[in-house]
There are 4 protein chains.
Amino acid sequence: MYGTVQAEVRQVNRASDPRGCDDLPPRARRYDAAGTRSALLGAAELRFARYGYDRCSVRDIAKDAGVDAALVYRYFGSKEALFDAVSTSTGLFEPLRHLPLNEVSAWICDVVSMGPTEEEAPHPLLTKLRSSNREETVGRLREEVTEVFSQGFARRLEGEDAELRAELLAAWLMGITLLRLAIRSPALATTPDDTLLRFLRAGIDPLLDADCPGRGGEDG
Amino acid sequence: MYGTVQAEVRQVNRASDPRGCDDLPPRARRYDAAGTRSALLGAAELRFARYGYDRCSVRDIAKDAGVDAALVYRYFGSKEALFDAVSTSTGLFEPLRHLPLNEVSAWICDVVSMGPTEEEAPHPLLTKLRSSNREETVGRLREEVTEVFSQGFARRLEGEDAELRAELLAAWLMGITLLRLAIRSPALATTPDDTLLRFLRAGIDPLLDADCPGRGGEDG
Amino acid sequence: MYGTVQAEVRQVNRASDPRGCDDLPPRARRYDAAGTRSALLGAAELRFARYGYDRCSVRDIAKDAGVDAALVYRYFGSKEALFDAVSTSTGLFEPLRHLPLNEVSAWICDVVSMGPTEEEAPHPLLTKLRSSNREETVGRLREEVTEVFSQGFARRLEGEDAELRAELLAAWLMGITLLRLAIRSPALATTPDDTLLRFLRAGIDPLLDADCPGRGGEDG
Amino acid sequence: MYGTVQAEVRQVNRASDPRGCDDLPPRARRYDAAGTRSALLGAAELRFARYGYDRCSVRDIAKDAGVDAALVYRYFGSKEALFDAVSTSTGLFEPLRHLPLNEVSAWICDVVSMGPTEEEAPHPLLTKLRSSNREETVGRLREEVTEVFSQGFARRLEGEDAELRAELLAAWLMGITLLRLAIRSPALATTPDDTLLRFLRAGIDPLLDADCPGRGGEDG
DNA sequence: TATGAATGAGTATTCATTCAT
DNA sequence: AATGAATGAATACTCATTCAT
């Protein structure tokens, strides 16, 4: 299904399979466990991010990787395990632990701009969002959000309801990723980063402020 | 797959079938086209919202509705048509056309609170979000967002980059829906509406303001 | 399947349902048993001849006839019975009983020219040929051929192996019908009747001759 | 549908699998791609010839072949492709290109006698005739007849209307095949070949003659 | 290590048929 | 007499997974 993404994956494949390069002996090509494993990972990353768990077949992934489908089971055990391997936290949220609060907007801007916007490259968040119909994926997302935002980042926020404010930040991050990379709404998909950043600040910085929500309730 | 949600659907079915409210015996209701149709719609609504398009089988939906799977084809023509019938715009965004800007936060608050939070009821947005791996769904989402936000709502915003700001609003709406109803992150899933509202204002109202992004760039 | 042949059938339908004609009261239109029955027969005749038993659905036939599919069962009992009713001997071979032998070629010519060649009209033989994958149809064909040719017509032939010669005649009749009306091979489908007749004679008349096969065996 | 023809197919399978002719134990033959493929072909050949395309299910064919139905898709891609593989021209008509005209009758006699007459073996022409309700099959038959008879063989005939005469020959060939092998009319199904041949000559040779139709029109 | 042969459960969809109205 | 609601079995096809090589 969905044609092939072989061309691109082949590159990925070659990146980790530098046959014909210089120092690596050019003989070993098949029977290259590490290479096969990472080729599968690369292909899966792409497929899963693009089509979601359910619309990817193990065979398609294997074909993209240029190996036999049975190897998915040899190296990962199951389609699900492969997905887990691919969608396992990539340290994407790591910066949130130490980043100065006034740089958070810029970081979010970076995150939602990852990958070539044109061709829906494998964005780590998108992989999960695209498969958010799977209970397991949702569970992992909950754990991750809880750990990173509700517990981790919230602790760095002064003021009331830090937990909620952190999750609102997460919500925006996900929403923008979805609209910009998956749904590709007209403005978000095309706006240059610096413009986006200015508006992100407008919405985010108040949330990070110590006296948020401020006196905002008055005029409601 | 995924056992049965029959019990609940039966309720939905009856709840949305306001005929013979009290004295009609609730049994013997075969040969009731309208009832069957709406039972199927109800069951599909629930299943699709909960598991997404790919993880719902026509058979399961029919079983939930208590009818034969072939009736899906009699009444809707295909699984896809049934999904369309369920996910077709329900006028959810209608209020955005006339609502005073300072009530937008409250409206968002309402939207993301729709349906019993405990049991992941069929939220119209969630249905689409859960199936956002389907190209058709993504396409429809893009159309809807474009029409309602990028074109419709943006026109009501003064200041620069109205389109982008409108889409950022949409992004937040979707992100919060996702976190609150699907992912169920700890704070968002439990925070009472009025509390949520106060913080929503803090993030949203600046975006709606005529001189957004204001002088926010200074301290970055 | 296969679009609709409704237009034509409607005519058939009207032919046997002369509403708005002159002397028949224009009220009776629904609740017209005979009319419904014959409308179904007409539609079935067309469909079966065109697509064969297996590629016709009862619903399509009923739709062509402009009535509900259940009426097929009311009036005929089953799809199979409807097919039988349609394919039951129409006296097509009746002339073979008395026709002078030297007019047989001309008669065959007539038979294979029945119905508008362009639009594959319901040819009684074609109906059976198109469904010759059904055991029942084959059985009936065998009976019919046996009765009409092997027993009936053969008795009128002098000379040896009359039975075989009669069946060879039947074979040619069927083969030409198939090629001319179903397969529509270039020459047979377009050749005018009088030309065809001249060549039919060349092949058939020897078979009907009393001293057939004559001295044909010599040069083999 | 139609029970099983397993027993016979197994034979066919083994007969056409000339490996380990004697000493190889006939059991234990899994993981044998070529064997599986040809078993499927054999089973399909038989089923299709006997029941026609529409009355054969992929499952039944697979069951006859003793393998899983999914393998039909592995090896052929679709039911239709399997049918094509089975019904693809087998060079049956090849002899018509060079055969001396006075041996044509004998060749036809051979063709219509192919396969055990008793048990409706897979005759290449019968396969197509039995599925002549399919548009694709009819189309292929038209092409084949056109190429082989209307164009190829006709060129070898002297005299007028060669094309028509060639098609009349084809018609007879098909009609006899149908009556002899499918319908099994009493005489044709039992007559020995040499007798049949004598009468075939009587009908066919005149058609092949250079001055056909001769002066046959006089006595009509 | 890698391949590809084999499987069985599952999917959407169609259809002849029956039942209540 | 006629309708259309309902059913269940069947169909072609796909896919994750396992087994022999």
Side-chain angles (χ1 to χ4, degrees), chain A residues 1 28-37 54 56-62 66-75 77-80 82, chain B residues 1 28-37 54-62 66-75 77-80 82, chain C residues 1 28-37 54-62 66-75 77-80 82, chain D residues 1 28-37 54-62 66-80 82:
Chain A
M1 48 167 79
R29 192 171 344 159
R30 297 172 66 173
Y31 294 83
D32 168 13
T36 298
R37 216 190 112 95
D54 291 316
C56 283
S57 83
V58 168
R59 279 171 137 105
D60 284 339
I61 292 173
V67 302
D68 190 274
L71 295 182
V72 165
Y73 297 87
R74 183 160 189 46
Y75 287 110
S78 70
K79 179 185 181 182
E80 193 145 1
L82 174 59
Chain B
M1 48 167 78
R29 186 106 52 78
R30 303 172 65 190
Y31 289 89
D32 169 12
T36 298
R37 215 190 114 95
D54 289 319
R55 302 185 94 77
C56 284
S57 83
V58 168
R59 276 154 140 108
D60 284 341
I61 293 174
V67 303
D68 191 277
L71 294 182
V72 165
Y73 299 88
R74 186 177 195 1
Y75 288 109
S78 70
K79 179 185 180 183
E80 191 145 2
L82 174 59
Chain C
M1 48 167 78
R29 193 169 345 158
R30 299 171 65 175
Y31 293 84
D32 168 12
T36 298
R37 217 190 111 96
D54 290 317
R55 300 182 102 78
C56 282
S57 83
V58 168
R59 277 169 137 106
D60 284 339
I61 292 173
V67 303
D68 191 274
L71 294 182
V72 166
Y73 297 87
R74 184 161 187 46
Y75 287 109
S78 71
K79 179 185 180 183
E80 194 146 359
L82 174 59
Chain D
M1 45 168 81
R29 186 107 51 79
R30 304 173 64 190
Y31 289 91
D32 169 12
T36 298
R37 214 189 114 96
D54 290 319
R55 303 184 93 78
C56 283
S57 84
V58 168
R59 276 154 142 110
D60 284 341
I61 292 174
V67 304
D68 190 276
L71 294 182
V72 166
Y73 299 91
R74 188 178 194 0
Y75 289 108
F76 298 94
S78 70
K79 180 185 179 183
E80 191 146 2
L82 174 58

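All chains are named by letter (A, B, ...) in the order of the sequence lines, taking the proteins before the strands, and each is independently numbered beginning at 1.
Contact annotation: B:Tyr73 reaches the phosphate of E:dT13 (side-chain N/O to OP1 or OP2, under 4.0 Å). The phosphate of E:dG4 (OP1 or OP2) has no side-chain N or O of D:Arg74 nearer than 4.0 angstrom. Contact annotation: D:Tyr75 side-chain N/O to E:dA6 OP1/OP2 distance is under 4.0 Å. Dashed line: the shortest gap from a side-chain N or O of B:Thr36 to OP1 or OP2 of F:dA6 is under 4.0 Å.
Atoms OH and CG, from A:Tyr73 and A:Asp68 in turn, are 11.0 Å apart once rounded to the nearest 0.5 Å. A distance of 12.5 Å separates CZ of A:Arg59 from CD1 of A:Ile61, quoted to the nearest 0.5 Å.
Nucleotide E:dT21 holds its C1' atom 13 Å from the CG atom of B:Asp32, rounded to whole Å. The OH-P distance, from B:Tyr31 to F:dA2, rounds to 19 Å in whole Å. Atom CG in B:Asp60 sits about 13 Å away from atom C1' in E:dA12, given to the nearest Å. Atom CD of B:Glu80 is separated from atom C1' of E:dT11 by 14 Å (rounded to the nearest Å). Atom CG of D:Asp68 and atom C1' of F:dC13 are 12 Å apart (whole Å). Between D:Arg59 atom CZ and F:dA12 atom P there is a gap of 8 Å when expressed in whole angstrom units. Summarising the geometry, the separation between CZ on C:Arg55 and P on E:dT14 is reported as 14 Å, rounded to the nearest angstrom. A:Leu82 has its CG atom 12 Å from the C1' atom of F:dA16, to the nearest Å.
Among all heavy-atom pairs drawn from B:Lys79 and B:Cys56, the shortest one is NZ-O, 2.7 Å. Between D:Ala69 and D:Ala62, the shortest heavy-atom contact is CA-CB, 3.4 Å.
Comparing B:Ala70 and D:Leu71 by the nucleotide of DNA chain E whose heavy atom lies nearest to each, the residue mapping closer to the 5' end is D:Leu71. Between B:Val58 and D:Ala33, the residue whose closest nucleotide on DNA chain E is further toward the 5' end is D:Ala33. When the nearest nucleotides of DNA chain F are assigned to D:Gly77 and B:Arg37 by heavy-atom distance, the more 5′-ward of the two goes with B:Arg37.
Nucleotide F:dT21 is matched to E:dA2 when pairs are restricted to Watson-Crick or G-U wobble geometry with both distances under 3.5 angstrom.
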